[in-house]
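The structure under discussion appears below in the form of structure tokens.
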Amino acid sequence: MAVVFQAIGAATALSSANVFDSKRIQFSYGRSLSERKASICAVRSDGMLYSGSSPRGRKPEPLISNAVATKAEGSTASAASKPGHELLLYEALREGLEEEMARDPTVCVIGEDVGHYGGSYKVTRGLAEKYGDLRVLDTPIAENSFTGMAIGAAMTGLRPIVEGMNMGFLLLAFNQISNNCGMLHYTSGGQFTIPVVIRGPGGVGRQLGAEHSQRLESYFQSIPGIQLVACSTPYNAKGLMKAAIRSENPVILFEHVLLYNLKERIPDEEYVLNLEEAEMVRPGEHVTILTYSRMRYHVMQATKMLVNKGYDPEVIDIRSLKPFDLYTIGNSVKKTHRVLIVEECMRTGGIGASLTAAINENFHDYLDAPIVCLSSQDVPTPYAGTLEEWTVVQPPQIVTAVEQLCQLQ
Amino acid sequence: MASLGAVINHHSCWVPHFTDHHPQSPSNPIHHFLRNPDAISSSNNTTPFASNRFNYTEAGRRLDSIGDTTDDTGVLNFPGGKVKFTPEMEFVSPSSTERIRCYRVLDDNGQPITNHNFVQISEEVAVKMYSDMATLQVMDTIFYEAQRQGRISFYLTTIGEEAINIASAAALHFDDLIFPQYREPGVLLWRGFTLQEFANQCFGNEADYGKGRQMPIHYGSNKHNYITVSSTIATQLPHAVGAAYALKMDGRDACTVTYFGDGGTSEGDFHAALNFAAVMEAPVIFICRNNGWAISTPVSDQFRSDGIAVRGQAYGVHSIRVDGNDALAMFSAVEAARRIAINEQKPILIEALTYRAGHHSTSDDSTKYRPAEEIEWWRIEQDPVSRFRKWIEANGWWSDEAEYKHRTTIRKQLLDAIQVAEKSKKPPIAEMFADVYDVPPSNLFEQERSLRETIQRHPQDFPPDFPF
């Protein structure tokens, strides 16, 4: 029974990786960083339809250049039929934000450097000039307090969006988020609603150091009264942003530092996504791969390799971290009977841990194999480039995990 | 082509503000982006904060160009404004020789010290103020006893701070949003919260607006503009600033008012809220009930500043120290503060000096850390209620008879209210899962179903009148 932990990639120095079974494939991980970067290309939604099923045997298959199923498979807005417009993820966030601010005068933004500076990731660029200082408010450096401010403003009828410059900084706001944001609607007997959106970039980036590589979704997931969503493409970033702003509940929207410059063509017409829905990225038959945020791209990269090896993985971007979309996930589990979770959270107490428990509880009878969860190790994120690479799940590990899973009967 | 491996946008968050990104005047030696406070306050725009703060202001001035002053102190325009130099090295002492003076109108015998500089209140207002203060006293006594009898689980009295509660509430308007700590039920009382409603919350029955979800004394009522009490200390201060910011955006003729104790001023939220309110020029009134004790911690162990009023100055906030046991002084100060806050759109800090003449709560026995004589002295000799009573009686607006009648009536009403509240049903199970979100999500649906099943399967383990 193989439960794959971190397959420490490099064939060289880390033979002391004691979780490694010697019979496992030692793939050479010698490609340079720049090579790897070049191979991670932008995801396009109007990709080719994946046609035909792959037999279990290892017949040679033509190289599929794009392993992403077309959006027409399930979602409402069909990007393939309308021309749409191309933009980057941070621009999509801004577009969603701007549309909501134009639509509803109570929507406002609060955060550090969001005003004239335009936000440290340019998500709020231009908004202060358009809507004024009061609606795009620069705050002093006191996360707990401006989050508290947003809560007070929300109880008075505004719909504030709090931007944490980096998700890790919102740890300072934990008191307000846990004790007040999630609670006051309940303890007041429903008298006061708190329709705030708390958003910001998190995740492991490019050598930002431990303090700036936090994954807060695991800490926040227990707080009752809040909803958590994670965006991963420009399309869902805009849709989730709009949905979060319109929601009456407090919503925390997790963005990823490395995904802001993703480019995609999104529809011109207005659309709002469902906060509690997962996204079917690629239907398949052999294994269900559940992931979110940046790891979606590592999974899709691994999927290309898997498809070439004859596997047919079903990839679901869970998007909604609290509550889980157990309907979509359940249907997938009932079809494939094998689950692999790929996340960026730490092993202990991460989203994957909760998801594993939820799936085991609800769909135990449908599983042919134990759920495998690939996560980051329980270490602070190291700074050195190579070490940082190894702390995040990489596509070859995902390939190995799927192969392991599918070999079990 | 954008790529996943793209470098983080290099306008990263760690570029300090003072770096010169402005390409226009390369010949200027120092060209900082300076928030010149004068530029903002002199704005005549109907929408303040429009684009004034985006004007670049030249901050740097060479030292040798200051030839216009004859004294050798000189001035340099550092970011933040002009400051004079001095060749004398002097450490500013933490407190001046004299503490900030305390504003008071009535002396210990309830007689006005002076005939001006306070608001003359009408008989109607004065009588309502007094009767509400007396009601608060009776309410505290009876609920405290009810807790001791085991009828409610917890209670927290306002003994000694009745004037702060009622007089401040009387000076405010109904539209002013209240963000309380937990020792301000008098504000709710003034606004019309009935004794029955207080009792319902303390008993957590189905008529409680909080639907039985909070401990006793955690009152909250949106129709009275009183935000639900949250147990956490000082978290309501930033809330008040945020709400004031909302009022400011709306241009409403209202302000927010928030209360906290001396202990609460040690929290980080106090610092940040004052700072934010000053920077944002938000119409908030911060009322600190400096009652000398934070459970067992005396103020000498809480801070070393000259109380709280002096701190307001440090943040750029207008502050005043008031005799919190003097109802007229409290009324006048709060009334003036409200006018300034709304008309001039700025925060005000009021430090009301008083004494916590009761225990911190029913879980506390304060004779363990302070002498019983001290408590007695403050409770009897410095009672704000009797002091105000002397004033209204001197005006012929109150009498012994009225006193007796009022207190017995209230006492009876309270006992009745408690009986009714005690007998009322507790909230049903559905209320345990409602209001976590606007609509219960599937997992809560599941959990409620599971709980109901459990109760049905094991009815003997639950009380017979368990509210289904």
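Just so we're on the same page: letters track the sequence lines, and every chain starts at 1.
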Taking every heavy-atom pair that is under 4.5 Å apart, which of His271(B), Lys211(B), His239(B) has the most such pairs with chain A? His239(B)
For Gln227(A), is it the side chain, the backbone, both or neither that has a heavy atom under 4.5 Å from a heavy atom of chain B? both
Within 6.0 angstrom of Phe445(B) CZ, more than 12 heavy atoms from elsewhere: no
Minimum heavy-atom distance Tyr437(B)-Lys322(A), with the two atoms named: OH-CE, 3.3 Å
Check whether Ser231(B) gets within reach of chain A through its side chain, its backbone, both or neither, counting any heavy atom under 4.5 Å. neither
For the OG1 atom of Thr187(A) and the CE atom of Met215(B), what is their distance to the nearest 0.5 Å? 12.5 Å
Is the shortest heavy-atom distance from the side chain of Ser230(B) to the side chain of Met183(A) under 4.5 Å? no
Expected list for residues 140-157 of chain A: side-chain donor-acceptor pairs under 3.5 angstrom, two or more places apart:
unit_1	atom_1	unit_2	atom_2	d
Asn144(A)	OD1	Gln176(A)	N	3.3
Asn144(A)	ND2	Asp269(B)	OD1	3.1
Asn144(A)	ND2	Asp269(B)	OD2	3.4
Ser145(A)	OG	Asp269(B)	OD1	3.1
Thr147(A)	OG1	Glu143(A)	O	2.7
Thr156(A)	OG1	Gly152(A)	O	2.6

Could you tell me which portion of Asn180(A) (side chain, backbone, both or neither) has an atom closer than 4.5 angstrom to a non-hydrogen atom of chain B? side chain
If I take atom CE from residue Met432(B) and atom OH from residue Tyr186(A), how far apart are they, to the nearest 0.5 angstrom? 6.0 Å
dist His218(B):NE2 -> Ser188(A):OG (nearest 0.5 Å) comes out at 12.5 Å
Checking heavy atoms, do the side chain of Tyr226(B), its backbone, both or neither come under 4.5 Å from chain A? backbone
Arg213(B) versus Gly189(A), closest heavy-atom pair with distance: NH1-CA, 3.4 Å
Counting heavy-atom pairs under 4.5 Å with chain A, which one of Val229(B), Asn225(B), Val436(B) comes out on top? Val436(B)
Could you tell me which portion of Ile227(B) (side chain, backbone, both or neither) has an atom closer than 4.5 angstrom to a non-hydrogen atom of chain A? both
Side chain, backbone, both or neither of Ala434(B) within contact of chain A (heavy atoms, under 4.5 Å): backbone
Tell me, side chain or backbone of Ile226(A) under 4.5 Å from chain B's heavy atoms, or both, or neither? backbone
In terms of heavy-atom contacts, does CZ of Phe154(B) have more than 12 from other residues, nucleotides or ligands at under 6.0 Å? yes
Distance col, row Ile110(A):CD1 vs Met280(B):CE, nearest 0.5 angstrom, shows 7.5 Å
Could you tell me which non-hydrogen atom of His185(A) sits nearest to which non-hydrogen atom of Asp435(B), and how far apart they are? ND1-O, 2.7 Å
State, with a plain yes or no, whether a side-chain heavy atom of Asn175(A) is found less than 4.5 Å away from one of Thr235(B). yes
Please classify the contact between Glu431(B) and chain A as side chain, backbone, both or neither, with a heavy-atom cut-off of under 4.5 Å. backbone
Choice from Ser442(B), Pro441(B), Ala282(B), Ala246(B) maximising heavy atom contacts with chain A below 4.5 Å: Ala246(B)
Region of Tyr219(B) that comes under 4.5 Å of a non-hydrogen atom in chain A: neither
Can any side-chain N or O of Asp438(B) pair as donor or acceptor with the backbone N or O of Asn249(A) at less than 3.5 Å? no
Point-to-point distance, once rounded to the nearest 0.5 Å, from CG of Leu158(A) to OH of Tyr245(B): 6.5 Å
Run the side-chain hydrogen bond (donor to acceptor under 3.5 Å, both in side chains) test against Lys346(B) and tell me which residues pass, sequence neighbours left out. Glu344(B)
